[in-house]
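Since we're looking at a predicted model, the values are computed, not measured. Heavy-atom basis, side chains included; hydrogens, waters and symmetry copies ignored. Order of the sequence lines sets the chain letters (A, B, ...), proteins ahead of strands, with each chain counted from 1.
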Amino acid sequence: MLGSESRLRRAGEFRDTMRQGVRAGRSCLVMHARKTELPPSRAGFIVSKAVGKAVVRNRVKRQLRHLAAAALPATPFPVDLVVRALPEASSGDLRTEFETALTACLNRLAA
RNA sequence: CGAGUCGGCCGGGUGAUCGCGGCGCAAGUCGAGGAAAGUCCGGACUCCACAGAGCAGGGUGGUGGGUAACGCCCACCCGGGGUGACCCGCGGGAAAGUGCCACAGAAAACAAACCGCCCCGCAAGGGGUAAGGGUGAAACGGCGGUGUAAGAGACCACCGCACUCCAGGUGACUGGAGUGGCAGGGCAAACCCCACCCGGAGCAAGACCAAGAAGGGCUGAGUCUUCGGACGCAGCCUGCGGACACCGUUUGAGCGCUGCUCGCGCGAGGUGUCCGGGUAGGUCGCACGCUGGCAACGGCGAAGGCGGUUGGCAACAACCGCCGCAGAUGGAUGAUCACCGGCCCUCCGGGGCCACAGAAUCCGGCUUAUAGGCCGACUCGUCCC
RNA sequence: GGUGGCGUGUCUGAGCGGCCGAAAGAGCGCGCCUCGAAAGCGCGUGAGGGGCAACCCUCCGAGGGUUCAAAUCCCUCCGCCACCG
């Protein structure tokens with residue numbers, strides 16, 4: 001679904017993406033995005049305890065990873081994404097919100 | 001058939017497509033739970049030099065077993081509940097000592113006497129008594145009788161209690177006989193006493209590598225010397241730096257063994273205040289252990305599972321055979337679809353739902369959450385043969 | 001993963017076996033003061049249920065236990081907070 005080379009794994013990568021990138025908020029997630037030089041687009045996820053118990057958090061994280069695996073190869077330029085799940089993520093429509101947020105971020109980065 | 005008690009088990013299945021993590025060159029192979037949870041106990045393991053003694057502190061608390069160990073499990077005893085199967089119990093000691101028992105009540109623990117009762121007395125009052133009343137959670141053995149002025153274990157029978165003896169049992173304890181003649185109410189999940197157990201921290205333990213500010217100490221030989229010392233070099237050890245103050249270097253500051261004392265060890269630095277800086281890395285531990293191999297893998301073993309035999313009422317143990325063994329680190333174990341299986345609704349076309357819940361060093365327990373379903377043993381009631 | 005702590009009226013919080021539904025302060029309501037307000041002063045005020053009323057019952061996060069008696073002692077859960085190299 002999404003290999004470890006396409007994941008953000010360092011606290012510094014998360015911090016740089018969230019501070020230097022653009023941002024798009026939806027009702028159950030917040031997406032940060034940043035252009036990168038190297039080809040493999042990467043993604044990272046923040047799912048806090050406010051989302052739910054461990055089972056719910058794992059499920060949300062896996063759904064987000066599937067969405068990112070489908071979307072990342074289709075971007076016109078390599079990007080780093082950070083997706084923060086909000087407390088409504090366990091019951092909301094993750095798919096459409098992820099896609100609209102991603103197009104919003106890409107439009108803003110292309111401009 | 002109805003009502004109920006106890007114990008055990010499962011925790012949706014199959015297929016297709018697209019994916020993820022470990023191992024492997026690859027083909028391939030392995031990949032969440034009965035609770036993985038809470039962190040309430042116990043161990044393994046690691047570090048604290050060794051894991052020492054006494055006190056303090058903490059824990060456990062009927063008896064006997066099981067176990068690596070336990071606060072767990074099994075069997076039994078006692079007390080309480082239930083017609084019964086069965087269930088519940090932190091279930092040692094209150095004649096070692098201390099403490100507490102509010103309010104009410106005369107009196108709350110060692111003896112006394114408020115209303116009473118009885119006797120003496122005209123009365124005031126004095127004496128006897130503890131049956132009855134009243135208060136209270138609890139009032140100095142209970143019920144009945146004898147007795148008496150009224151009464152009282154003062155005496156008697158039964159019950160309770162204490163002691164002695166006998167019998168049974170490893171034991172807790174039980175049964176029986178006799179004696180005493182009623183004495184010391186409760187609380188130890190109050191302090192405490194008794195018996196037994198416990199060194200502390202915890203995988204963010206700990207080991208190694210890299211990086212780092214800027215060094216510091218000891219030893220050795222060398223050079224210079226005003227004989228106080230200074231300088232660079234090598235080896236080893238150690239390490240955030242600086243300023244100020246205080247204490248100290250064999251007459252021992254301080255540190256460690258978590259508190260105190262002893263004992264033991266380390267020991268030349270330590271403590272306080274202020275200022276400045278640094279701190280997000282990797283490998284192992286770690287995927288059951290040891291061992292051979294570059295590795296996949298093989299061999300041996302066990303505190304794993306299953307099956308069997310033997311011993312035991314049982315927990316469990318011994319032996320034999322077979323099988324299995326996730327290992328991530330911003331953290332894999334997933335998503336979609338179809339069919340079948342359950343449950344609910346239905347306008348009979350169909351529609352909806354599928355429990356609790358996600359490994360993080362490992363293991364043995366306990367506790368808590370849990371849709372639905374299966375199996376076994378037993379009890380009571382009713383009916384039939 | 002581990003360690004430690006805390007839950008009491010609407011809020012902040014004391015109380016740690018009995019006179020405790022519970023101190024104190026804030027808040028809120030009413031009154032005095034003022035032309036009016038603020039400040040100040042005085043009084044009152046927890047929630048739920050039952051009852052015509054006087055009044056009664058339950059509640060200190062939840063449940064169970066010890067005790068004559070529990071907010072307080074013991075056990076098990078639930079929720080929240082802090083810390084670790």
For B:G21, take OP1 and OP2 only and decide whether either is under 4.0 Å from a side-chain N or O of A:Arg65. no
Mind checking the P distance from B:A328 to B:G24? Whole angstroms is fine. 12 Å
Provide, to the nearest angstrom, the distance between the CZ atom belonging to A:Phe45 and the C1' atom belonging to B:G334. 13 Å
Stacked pair A:Phe14-B:G330, distance under 5.5 Å, angle under 30°: yes
Find the partner of B:C300: check Watson-Crick (N1-N3 plus N6-O4 or O6-N4) and G-U wobble (N1-O2, O6-N3) distances, both under 3.5 Å, and reply none if neither fits. B:G289
For atom CZ of A:Arg57 and atom P of B:A32, their distance in whole Å: 21 Å
Taking the C1' atom of each, how far is C:A62 from C:A26, in whole Å? 30 Å
With rounding to the closest Å, how many angstrom separate the C1' atoms on B:U135 and B:A106? 10 Å
Using a cut-off of less than 4.0 Å, is there contact between a side-chain N or O of A:Lys53 and OP1 or OP2 of B:A37? no
Not counting sequence neighbours, which residues clear side chain to side chain donor-acceptor pair (under 3.5 Å) with A:Arg84? List them please. none
May I ask which nucleotide in the shown strands pairs with B:A112, Watson-Crick or G-U wobble, both distances under 3.5 Å? none
Side-chain N or O of A:Arg62 less than 4.0 angstrom from OP1 or OP2 on B:U333? yes
Paired nucleotide for B:A16 [Watson-Crick or G-U wobble; both distances under 3.5 Å]: B:U336
Which side-chain N or O atoms in residues 100-111 of chain A pair as donor and acceptor under 3.5 Å with protein atoms at least two apart or in another chain?
{"residue": "A:Thr100", "atom": "OG1", "partner": "A:Arg26", "partner atom": "NE", "Å": "3.0"}
{"residue": "A:Thr100", "atom": "OG1", "partner": "A:Thr96", "partner atom": "O", "Å": "3.1"}
{"residue": "A:Thr100", "atom": "OG1", "partner": "A:Glu97", "partner atom": "O", "Å": "3.1"}
{"residue": "A:Thr103", "atom": "OG1", "partner": "A:Glu99", "partner atom": "O", "Å": "3.2"}
{"residue": "A:Thr103", "atom": "OG1", "partner": "A:Thr100", "partner atom": "O", "Å": "2.8"}
{"residue": "A:Asn107", "atom": "ND2", "partner": "A:Thr103", "partner atom": "O", "Å": "3.2"}
{"residue": "A:Arg108", "atom": "NH1", "partner": "A:Arg23", "partner atom": "O", "Å": "2.6"}

